[in-house]
Amino acid sequence: MSVMKRLSMIFRSKANKALDKMEDPRETLDYSYQRQLELLQKVRRGVADVATSRKRVELQINQIQQQSKKLEDQGRKALGVGREDLAREALSRRSGLQNQIAELQVQHNNLQGEEEKLTLASQRLQAKVDSFRHRKETIKATYTAAEAQTRINEAFSGISEEMGDVGLAIQRAEDKTAQMQARAGAIDELLASGALDDFSGQRGDDIQAELDRMGGGSDVELELARMKAELGQGSAPRDAIEAGQPAPQHAPQPQYPPQQQQPQGGPTQQYPRQGEGL
């Protein structure tokens with residue numbers, strides 16, 4: 001196969017594919033119906049023309065018949081007055097008119113037959129056009145419903161061009177939003193940890209951080225006091241624990257024996273024995 005033939009085949013295939021993509025069956029059906037209507041109109045016009053010709057031949061026949069009858073009357077009158085020569089001439093002319101009438105009658109019969117054929121063809125074509133019109137409307141309605149169903153299914157599945165673009169736009173918006181949220185959270189963490197400096201001029205953040213650390217230490221002491229109270233190693237006032245305050249550190253009280261002397265320089269104090277009153 002030569003290069004030109006291959007190029008021609010490729011061009012025709014590309015053009016055929018492009019035309020097939022651009023073709024709308026509903027428009028094609030409407031165009032075919034329009035052409036059939038034009039053809040039906042031409043057939044009807046042909047029937048009208050043939051009928052007109054037939055009617056013209058009929059008029060000519062009637063006129064010639066009137067002339068023939070007139071010549072016959074004139075010949076009879078000429079023969080009545082003894083003018084046989086005039087009567088012969090009138091009959092001769094009448095004979096020529098009769099030949100014309102015969103020829104016109106043949107034409108009339110041919111035109112009448114042609115008119116009947118065209119009328120029958122017009123009726124058949126009219127029936128086909130009506131049938132095609134009903135079928136066309138049915139096909140168009142079915143195609144429209146199928147096209148709408150296809151678009152709905154494509155929209156639901158997300159494979160249509162419009163919904164695909166919308167889905168991509170939503171996905172990009174969600175990705176950018178998540179990225180901005182992650183970036184904002186990371187910057188907040190870096191500012192809180194001191195890895196980044198805050199140039200907004202709010203110096204009270206250092207004080208707030210110190211207060212937060214002190215609050216954190218107080219919570220630890222409170223939790224430790226509660227644990228000691230549970231283990232019996234110490235007693236924490238319930239009101240202080242509930243209020244969130246650490247238990248006060250009391251010095252342990254010395255345990256003296258029943259009869260123990262005080263250090264020198266002070267009076268001796270006796271403690272009551274067990275079972276004695278004060």
Side-chain angles (χ1 to χ4, degrees), residues 1-61 104-182:
M1 183 181 293
S2 64
V3 177
M4 294 302 298
K5 289 184 178 180
R6 291 183 60 185
L7 290 175
S8 177
M9 182 178 294
I10 292 173
F11 177 77
R12 287 197 300 268
S13 62
K14 294 291 185 181
N16 187 26
K17 185 177 180 180
L19 292 175
D20 184 67
K21 185 177 180 180
M22 295 173 58
E23 182 183 7
D24 189 347
R26 294 167 295 187
E27 296 177 355
T28 304
L29 291 173
D30 290 337
Y31 178 74
S32 299
Y33 178 70
Q34 187 66 30
R35 293 297 303 273
Q36 291 184 10
L37 289 179
E38 293 176 358
L39 179 60
L40 179 61
Q41 188 67 23
K42 289 181 179 180
V43 173
R44 289 177 176 176
R45 190 178 296 112
V47 173
D49 293 339
V50 172
T52 302
S53 299
R54 177 184 57 79
K55 191 66 176 177
R56 186 177 301 165
V57 171
E58 288 179 358
L59 293 176
Q60 290 179 359
I61 291 175
L104 291 175
Q105 191 65 43
V106 172
Q107 294 181 6
H108 179 270
N109 294 335
N110 292 334
L111 291 174
Q112 189 172 6
E114 189 69 21
E115 181 182 356
E116 292 176 356
K117 291 180 180 179
L118 290 176
T119 302
L120 182 60
S122 176
Q123 294 175 354
R124 291 178 179 178
L125 183 58
Q126 180 67 52
K128 290 182 179 180
V129 170
D130 293 338
S131 177
F132 180 80
R133 180 173 60 84
H134 294 301
R135 187 176 181 184
K136 172 181 71 71
E137 295 299 330
T138 303
I139 294 174
K140 286 175 61 177
T142 305
Y143 181 83
T144 303
E147 184 182 23
Q149 186 65 35
T150 302
R151 290 183 177 179
I152 292 173
N153 293 336
E154 289 180 352
F156 285 159
S157 59
I159 62 176
S160 63
E161 295 181 359
E162 295 83 0
M163 295 304 296
D165 296 338
V166 173
L168 291 176
I170 293 176
Q171 184 65 35
R172 288 195 299 268
E174 291 178 350
D175 293 341
K176 289 184 179 180
T177 302
Q179 182 179 359
M180 293 301 295
Q181 290 178 349

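Positions are given from 1 along the sequence.
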Seminar exercise, completed: Rounding to 0.5 Å, atoms CG (D30) and CD (Q34) come to a distance of 9.0 Å
For this session: Applying side chain to side chain donor-acceptor pair (under 3.5 Å) between H108 and each of E58, Q60, K55, report the one that passes.
Result: E58
Seminar exercise, completed: When rounded to the nearest 0.5 Å, the distance separating OG1 of T119 from CD of Q112 is 10.5 Å
Exercise. So, Q171 and D175: side-chain donor and acceptor under 3.5 Å apart, yes or no?
Worked result: yes
Problem set entry | Distance (rounded to the nearest 0.5 Å) between E137 CD and F132 CZ | 10.0 Å
For this session: Please report the C-alpha distance between E114 and N110 in whole Å, then the side-chain angles of each, then the deciding distance to 0.1 Å, and finally whether the side-chain hydrogen bond (donor to acceptor under 3.5 Å, both in side chains) criterion is met.
Result: CA-CA 6 Å; E114 189 69 21; N110 292 334; over 6 Å; no
For this session: Keeping the roles fixed (side chain from S122, backbone from L118), state whether a donor-acceptor pair exists under 3.5 Å.
Result: no
Exercise. Can you list the steps and then say if E147 with R26 is a salt bridge (Lys or Arg N to Asp or Glu O under 4.0 Å)?
Worked result: CA-CA 11 Å; E147 184 182 23; R26 294 167 295 187; 3.1 Å; yes
For this session: Please indicate whether R133 has more than 12 foreign heavy atoms, meaning atoms of other residues, nucleotides or ligands, lying under 6.0 Å from its CZ.
Result: yes
Seminar exercise, completed: Between L37 and V129 the two heavy atoms that sit nearest each other are CD2-CG1, 3.6 Å
Problem set entry | SB check E38 R45 (cutoff 4.0 Å) | no
Problem set entry | Straight-line distance of Y33 OH to K140 NZ, nearest 0.5 Å | 10.5 Å
For this session: Mark yes or no for whether S131, through its side chain, and A127, through its backbone, hold a donor-acceptor pair below 3.5 Å.
Result: no
Problem set entry | Min side-chain heavy-atom separation Q179-E174 under 4.5 Å | no
Problem set entry | Approximate separation, where rounding is to 0.5 Å, of L111 CG and L104 CG | 10.0 Å
Exercise. Does any non-hydrogen side-chain atom of L29 lie less than 4.5 Å from one of Y143?
Worked result: no
Problem set entry | From NZ (K42) to CG (L40), nearest 0.5 Å | 12.0 Å
